[in-house]
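Structure, as structure tokens:
Computed over heavy atoms, backbone and side chain alike; hydrogens, waters and symmetry mates excluded.
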Amino acid sequence: MLVYDTKLSSRLLLGTSRYPSPAVLTEAVKASGTDVVTVSLRRESSNERSGQGFFSIIRSLGVRVLPNTAGCHSVKEAVTTAHMAREVFGTTWVKLEVIGDRTMLQPDVFGLVEAARILCDDGFQVFPYTTEDLVVADKLLDAGCRVLMPWGAPIGSGQGLNNIPGLRAMRARFAEVPLIVDAGIGVPSHAARALELGMDGVLINTAVARAGDPVGMARAFADAVKAGHAAFIAQPMLPSDVAIPSTPEIGLAHLV
Amino acid sequence: MKITLNGVEREISGNLLDQALRELGYCDGAIATAVNGEFIPKTQRLDIVLSEGDRIEVVAPMQGG
């Protein structure tokens with residue numbers, strides 16, 4: 001998968017939040033085979049300095065970081081957070097979130113487009129967390145985004161892909177744009193389905209972190225993503241409304 | 001001078017952002033700063049003069065999805 005001229009060997013991106021321990025996070029990242037982990041910025045206590053310890057763990061993993069703007073509800077907050085992230089993490093990549101609804105954590109697509117334009121103009125490489133809305137997608141591309149991250153379902157819900165026709169339409173309309181499903185995936189079959197539809201990748205966090213065995217689940221997601229993409233390349237059969245016998249009818253013995 | 005650091009009122013003696021950060025325990029490390037909601041790049045911390053009641057935010061890497 002090629003994103004912003006960077007070749008990624010894995011189509012699975014992994015979040016770093018909600019793991020039972022840093023050791024489990026480390027093992028899960030390794031088991032997933034991912035090239036990219038998402039991170040955030042939060043207030044740092046001068047006594048605990050917990051952010052420094054976390055950052056040293058992330059650096060030891062040897063993967064790219066994709067900082068997010070999670071929790072930002074306005075363009076200004078998101079743009080300021082992106083600038084802070086660029087300085088701290090030393091990357092122009094940013095997973096842009098401008099949240100519009102506190103209950104569903106649905107993106108504010110109006111603010112998202114505005115923030116994306118500001119950041120793209122300022123040299124950021126923006127990964128916008130968006131819906132499957134084609135008009136919004138078009139405006140994000142016009143703003144300078146070269147990757148889109150449509151949601152599967154509300155963040156952390158584990159519901160899977162709530163609008164498969166919408167994702168399919170997005171794939172058809174933006175054939176050349178990397179599409180990474182972000183949010184809502186609960187089990188590996190959801191991820192496999194996304195890749196079967198032609199999505200280029202998935203970003204998973206809670207489904208791995210909150211599994212009974214996060215390391216085992218990271219491995220399962222890695223397998224699912226590979227299987228789903230292989231299936232897409234192999235061109236799945238078209239569904240039919242009626243049964244089509246798989247065993248030949250020609251030559252059937254006349255036994256009545 | 002009283003300022004607010006990450007939502008908590010603090011007393012500082014120096015009036016430059018860089019001085020305040022050192023005084024408040026942020027000598028080094030991967031941090032980013034904002035004053036009154038505006039991002040202040042690391043290279044400008046020596047130039048920013050603080051005023052009474054300024055709101056300083058100091059953030060660092062954290063887990064994220």
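- Note: A:Leu41 leads A:Leu14, A:Thr80, A:Leu41, A:Asn205 in heavy-atom pairs under 4.5 Å with chain B.
- To the nearest 0.5 Å, atoms OG1 (B:Thr33) and CD (A:Glu87) are separated by 6.5 Å.
- Contact annotation: the side chain of A:Lys76 approaches that of B:Glu38 to within less than 4.5 Å [non-hydrogen atoms, C-beta and beyond].
- A:Arg49 approaches B:Gly25 most closely through the heavy-atom pair NH1-O, 3.4 Å.
- Among residues 52-65 of chain B, the residues having any heavy atom closer than 4.5 Å to a heavy atom of chain A are, in sequence order, B:Glu57, B:Val58, B:Val59, B:Ala60, B:Pro61, B:Met62, B:Gln63, B:Gly64, B:Gly65.
- Here the shortest heavy-atom pairing between B:Ala30 and A:Phe55 reads CB-CD2, 3.5 Å.
- With A:Arg43 as the partner, the side chain to side chain contact (heavy atoms under 4.5 Å, CB included) test is satisfied by one option alone out of B:Val8, B:Asn6, B:Leu5: B:Asn6.
- Around atom CZ of A:Phe110, no more than 12 heavy atoms belonging to other residues, nucleotides or ligands sit under 6.0 Å away.
- Using a 4.5 Å cut-off between heavy atoms, A:Ser45 contacts chain B through its backbone alone, with no side-chain atom that close.
- Heavy-atom pairs under 4.5 Å with chain B were tallied for A:Gly15, A:Gly90, A:Gly51, A:Ser50; the largest tally goes to A:Gly51.
- With a 6.0 Å radius and a threshold of 12 heavy atoms from other residues, nucleotides or ligands, B:Glu11 has its CD atom above the threshold.
- When A:Val79, A:Val88, A:Thr206 are compared by the number of non-hydrogen pairs under 4.5 Å with chain B, A:Val88 comes out ahead.
- Of the inter-residue distances, the one linking B:Ile31 atom CD1 with A:Gln52 atom CD reads 7.5 Å to the nearest 0.5 angstrom.
- For chain B, no part of A:Glu77 is nearby; none of its heavy atoms comes within less than 4.5 Å.
- No part of A:Tyr19 comes within reach of chain B, as not one of its non-hydrogen atoms sits under 4.5 angstrom from that chain.
- Contacts between residues 17-24 of chain B and chain A, counted as heavy-atom pairs separated by less than 4.5 Å, involve B:Leu24.
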